[in-house]
Amino acid sequence: MIQKIIPFAHQLIQQHIHKDDIVFDMTMGNGLDTLFLSILAKHVYAFDIQEKALKNTSSLLEKNGILNVTLIQDSHEFASKHYDGELGVIVFNLGYLPGGDKSISTNPEKTIKAIDTALPLLKVGGIMCITVYPGHKFGKIESELLLKYVTTLHSGQFNVLTYSFINKKNSPYNILIEKN
């Protein structure tokens, strides 16, 4: 059976992550990816611009007894200011906060800047997983600009893969970047 987008991303992350890895969740949202990463990694730095995201994530982590996470209310484009060491995994789940204000969404220029500044932090064999939602108001533009950007990454330094359902219009998809 073909896996859906998020389970596929999680499976790939599980294959690449190590218990001693430091990881970034660049868009914490309601904390589901943060929780998933916290179980697998040594420490998670999770970012979001919305206070509601921090509250939701903090509550989820508390309910699950998770202590190895630093929640940061800041844009993902500034993530490397908060930690500039080596990372095993970097996760983006783009779009807007589920259950939140849909007018607050990731911004393609800021997302590309975040990717560009975070990629050098990836260790060799580390991965960046970007889940893209082209079906919402800002998502189509973000999708187009991201695809244009990732195709410029040097193939000697990075392997870039997209995983999508091509027969479903505006379906979410993953961009996966592995550092060589």
Side-chain angles (χ1 to χ4, degrees), residues 5-6 9-10 13 16-17 19-123 126-143 145-146 149-150 172 174-177 179:
I5 299 302
I6 298 297
H10 283 186
I13 289 167
H16 282 80
I17 204 166
K19 196 65 180 158
D20 60 343
D21 280 341
I22 307 296
V23 302
F24 276 0
D25 180 353
M26 300 293 255
T27 50
M28 82 174 77
N30 288 316
L32 297 176
D33 285 332
T34 306
L35 176 62
F36 170 75
L37 293 168
S38 73
I39 294 166
L40 301 171
K42 180 179 181 179
H43 196 83
V44 180
Y45 289 87
F47 303 88
D48 210 295
I49 60 170
Q50 297 182 69
E51 187 176 336
K52 181 177 182 179
L54 272 76
K55 287 180 180 178
N56 292 350
T57 301
S58 180
S59 177
L60 178 66
L61 297 175
E62 188 177 309
K63 285 177 189 173
N64 286 277
I66 302 297
L67 301 173
N68 63 333
V69 176
T70 301
L71 302 179
I72 300 168
Q73 188 172 358
D74 201 356
S75 174
H76 51 226
E77 70 182 303
F78 303 118
S80 64
K81 285 187 190 178
H82 299 278
Y83 178 82
D84 64 357
E86 190 173 68
L87 300 169
V89 171
I90 302 168
V91 174
F92 290 82
N93 199 327
L94 303 177
Y96 52 83
L97 176 65
D101 182 349
K102 292 183 180 180
S103 70
I104 302 171
S105 179
T106 52
N107 170 293
E109 290 80 16
K110 290 180 180 183
T111 299
I112 290 169
K113 183 177 177 186
I115 293 167
D116 198 47
T117 58
L119 278 176
L121 301 178
L122 265 183
K123 69 180 185 178
I127 62 164
M128 178 181 286
C129 178
I130 308 162
T131 302
V132 184
Y133 297 86
H136 71 91
K137 184 177 179 181
F138 305 107
K140 184 136 183 92
I141 295 166
E142 188 167 48
S143 172
L145 292 174
L146 283 170
Y149 169 77
V150 298
N174 291 321
I175 298 172
L176 301 146
I177 304 169
K179 187 170 187 176

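Counting begins at 1 with the first residue of the sequence.
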(message) Does anything in residues 64-73 form a salt bridge (Lys or Arg N to Asp or Glu O under 4.0 Å)? List the pairs, not counting sequence neighbours.
(response) none
(message) Going by salt bridge (Lys or Arg N to Asp or Glu O under 4.0 Å), name the pairs with one or both residues in residues 79-98, residues two or more places apart or in two chains.
(response)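 Found none.
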(message) My understanding is that only one of L71, L67, N56 makes a side-chain contact (heavy atoms from CB on, under 4.5 Å) with L61; could you say which?
(response) L71
(message) Which residue is it: I112, I175, L145? I am looking for the one with a side-chain contact (heavy atoms from CB on, under 4.5 Å) to V150.
(response) I175
(message) Suppose the criterion is ring pair (Phe, Tyr, Trp, His ring centres under 6.0 Å): which pairs have a residue in residues 51-70, not counting sequence neighbours?
(response)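 Output for this query is empty, none listed.
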(request) Please collect all ring pair (Phe, Tyr, Trp, His ring centres under 6.0 Å) contacts where either partner lies in residues 86-110, sequence neighbours excluded, each pair once. (result)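 Listed once each, the pairs are H76-F92, Y96-H136.
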Partners meeting side-chain contact (heavy atoms from CB on, under 4.5 Å) with [X] (sequence neighbours left out):
{"X": "H43", "result": "I22, Y45, N68, T70"}
{"X": "D116", "result": "Y149"}
{"X": "E62", "result": "none"}
{"X": "A41", "result": "I17, V23"}

(message) Do S59 and K55 make a side-chain contact, defined as non-hydrogen atoms from C-beta onward lying under 4.5 Å apart?
(response)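 No, every pair of side-chain atoms sits at 4.5 Å or beyond.
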List for me each residue that meets side-chain hydrogen bond (donor to acceptor under 3.5 Å, both in side chains) alongside [X], sequence neighbours excluded, and say none if there are none.
{"X": "T34", "result": "D25"}
{"X": "D48", "result": "none"}
{"X": "D74", "result": "H82"}

(message) So, using salt bridge (Lys or Arg N to Asp or Glu O under 4.0 Å) as the criterion, who are the partners of K52 when residues are at least two apart?
(response)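 With sequence neighbours excluded, K52 shows a salt bridge (Lys or Arg N to Asp or Glu O under 4.0 Å) to no residue whatsoever.
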(request) Mark yes or no for whether T57, through its side chain, and G31, through its backbone, hold a donor-acceptor pair below 3.5 Å. (result)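 Present.
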(request) Say whether, by atom type as modelled, one donor and one acceptor occur between the side chain of D101 and the main chain of S103 under 3.5 angstrom. (result)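 Yes, the answer is positive, given that a donor and an acceptor are paired below the 3.5 Å cut-off.
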